[in-house]
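Take a look at the structure below.
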2 protein chains.
Amino acid sequence: MAGNSQLTVAAHALTWIELHRRIGEGTATSEGVAGSVNTNPVVIRRLLGRMRDAGLVHSRRGADAGWVLARPLEDITLREVYEAIEPPPLFAMHRSDPNLGCPVGSGIQPAMRPVYARVEEAVRTELDRITLADVLRDVLASR
Amino acid sequence: MAGNSQLTVAAHALTWIELHRRIGEGTATSEGVAGSVNTNPVVIRRLLGRMRDAGLVHSRRGADAGWVLARPLEDITLREVYEAIEPPPLFAMHRSDPNLGCPVGSGIQPAMRPVYARVEEAVRTELDRITLADVLRDVLASR
DNA sequence: CTTCGAAGTAACCGTAAAAGTTACATTGTG
DNA sequence: CACAATGTAACTTTTACGGTTACTTCGAAG
């Protein structure tokens with residue numbers, strides 16, 4: 001796949017859970033979310049499982065099982081969602097080690113690593129500006 | 001692969017070409033670059049071909065064939081290299097379309113698209129701060 | 001204490017993108 | 001013409017993600 005769709009799906013799932021609750025349809029299930037995302041419920045459970053580990057949602061089992069947000073929408077930023085996903089680095093080093101006998105081969109990774117760290121931080125800073133409440137507002141505004 | 005190693009390899013190739021020229025070893029070939037990157041020369045030719053299309057390097061054929069930078073190192077930023085590569089988007093939408101009959105399914109992409117556009121711009125802005133001269137300096141400093 | 005609906009999870013399959021490889025045509029200077 | 005290296009098509013390999021199946025676990029309700 002080109003790029004990573006997980007942040008999109010995570011934002012979709014979380015806003016769906018909240019909207020579902022607001023319109024009084026009861027606890028959201030992975031099957032319900034999957035029906036809106038158009039994917040398999042297991043994919044949703046895997047993704048929400050990581051959100052739960054990060055403290056963004058709670059899951060309930062047994063009767064009336066399903067998912068609820070752990071905090072209000074306006075208190076969750078896309079940065080937190082992004083970090084909950086534990087995404088792979090945006091930029092990778094060489095697939096197989098470069099020629100370390102060459103000055104460039106041995107020096108390029110130490111030179112690029114801090115650059116990539118700053119870029120990743122810039123991404124997180126940008127994502128930190130948007131809350132799930134912003135997302136839900138824009139979702140509803142697009143109709 | 002996790003993340004995209006092309007920017008790493010591109011920066012590696014360009015700094016190698018310049019260092020090779022500076023130490024008077026003649027025109028850089030894709031085979032020479034590949035030996036430092038530890039990959040196949042065709043991979044390097046494909047990548048440098050896109051750099052050439054973007055005006056960052058010149059390629060010569062015939063006798064004394066090879067690659068040279070089109071501009072001084074300090075006039076080429078990592079942003080230009082990144083854009084020359086034409087990388088896939090950092091964040092993707094759903095692999096298959098969400099359920100458009102659902103308010104969230106129909107609204108999530110319009111809501112996320114501008115967020116991703118801002119994030120991509122933040123990445124480019126950060127990459128614009130670093131020139132290939134900075135990279136070469138740090139490469140040599142790491143020894 | 002059984003039932004039942006949904007979470008949790010392991011294991012596997014399918015697919016797509018990138019990297020690697022081979023092979024060969026093209027170029028352009030000596 | 002010889003040559004060395006680029007240009008490029010076509011194919012294979014690798015890898016990661018998403019999708020799928022199947023099964024276990026949970027826990028409130030009846």
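Convention: sequence-line order gives letters A, B, ...; per-chain numbering from 1.
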With nearest nucleotides of DNA chain D determined for B:R52 and A:N38 from heavy-atom distances, which residue corresponds to the more 5′ nucleotide?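 This one resolves to B:R52.
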
Between [atom2] on [N] and [atom1] on [X], what's the gap in Å once rounded to a whole number?
{"X": "B:L47", "N": "D:dG7", "atom1": "CG", "atom2": "C1'", "value": "15 Å"}
{"X": "A:D53", "N": "C:dG8", "atom1": "CG", "atom2": "P", "value": "9 Å"}
{"X": "B:N40", "N": "C:dT22", "atom1": "CG", "atom2": "P", "value": "8 Å"}
{"X": "B:R46", "N": "C:dA17", "atom1": "CZ", "atom2": "P", "value": "15 Å"}
{"X": "B:I44", "N": "C:dA18", "atom1": "CD1", "atom2": "C1'", "value": "14 Å"}
{"X": "A:Q6", "N": "D:dA16", "atom1": "CD", "atom2": "C1'", "value": "10 Å"}
{"X": "A:R95", "N": "C:dG20", "atom1": "CZ", "atom2": "C1'", "value": "8 Å"}
{"X": "B:H94", "N": "D:dG19", "atom1": "NE2", "atom2": "P", "value": "10 Å"}

Looking at [N], I'd like to know if its phosphate oxygens (OP1 or OP2) sit under 4.0 Å from a side-chain N or O belonging to [X].
{"X": "B:T27", "N": "D:dA5", "answer": "no"}
{"X": "B:S59", "N": "D:dG7", "answer": "yes"}
{"X": "A:R60", "N": "C:dG5", "answer": "no"}
{"X": "A:T39", "N": "D:dG18", "answer": "no"}
{"X": "B:T29", "N": "D:dA4", "answer": "no"}

Hphob cluster co-occupancy, [X] + [Y], side-chain heavy atoms under 4.5 angstrom:
{"X": "B:V68", "Y": "B:W16", "value": "no"}
{"X": "A:V37", "Y": "A:L140", "value": "yes"}
{"X": "B:V43", "Y": "B:W67", "value": "no"}

Regarding B:G49, tell me which of base, sugar-phosphate or nothing describes its non-hydrogen contacts under 4.0 Å with the strands shown.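 Here B:G49 touches no strand at all.
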
Under 4.0 angstrom, heavy atoms only, what part of the nucleic acid is B:A63 near: base, sugar-phosphate, or nothing? base

Check every atom of [options] against the side chain of [X] and return the nucleotide holding the closest atom.
{"X": "A:R45", "options": "C:dA19, D:dG7, C:dT9", "value": "C:dT9"}
{"X": "A:P88", "options": "D:dC17, C:dA25, C:dA19", "value": "D:dC17"}
{"X": "B:V42", "options": "C:dT21, C:dA25, C:dA18", "value": "C:dT21"}

Looking at B:R61 and C:dT27, is any side-chain donor or acceptor paired with a base atom of the opposite kind under 3.5 Å? no

Before accepting this row, confirm whether a basic side-chain N of the pair B:R124/B:D128 lies closer than 4.0 Å to the acidic partner's carboxylate O.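 Answer for the salt bridge query: no.
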
Any salt bridge between A:E121 and A:R118, counting N to O under 4.0 Å? no

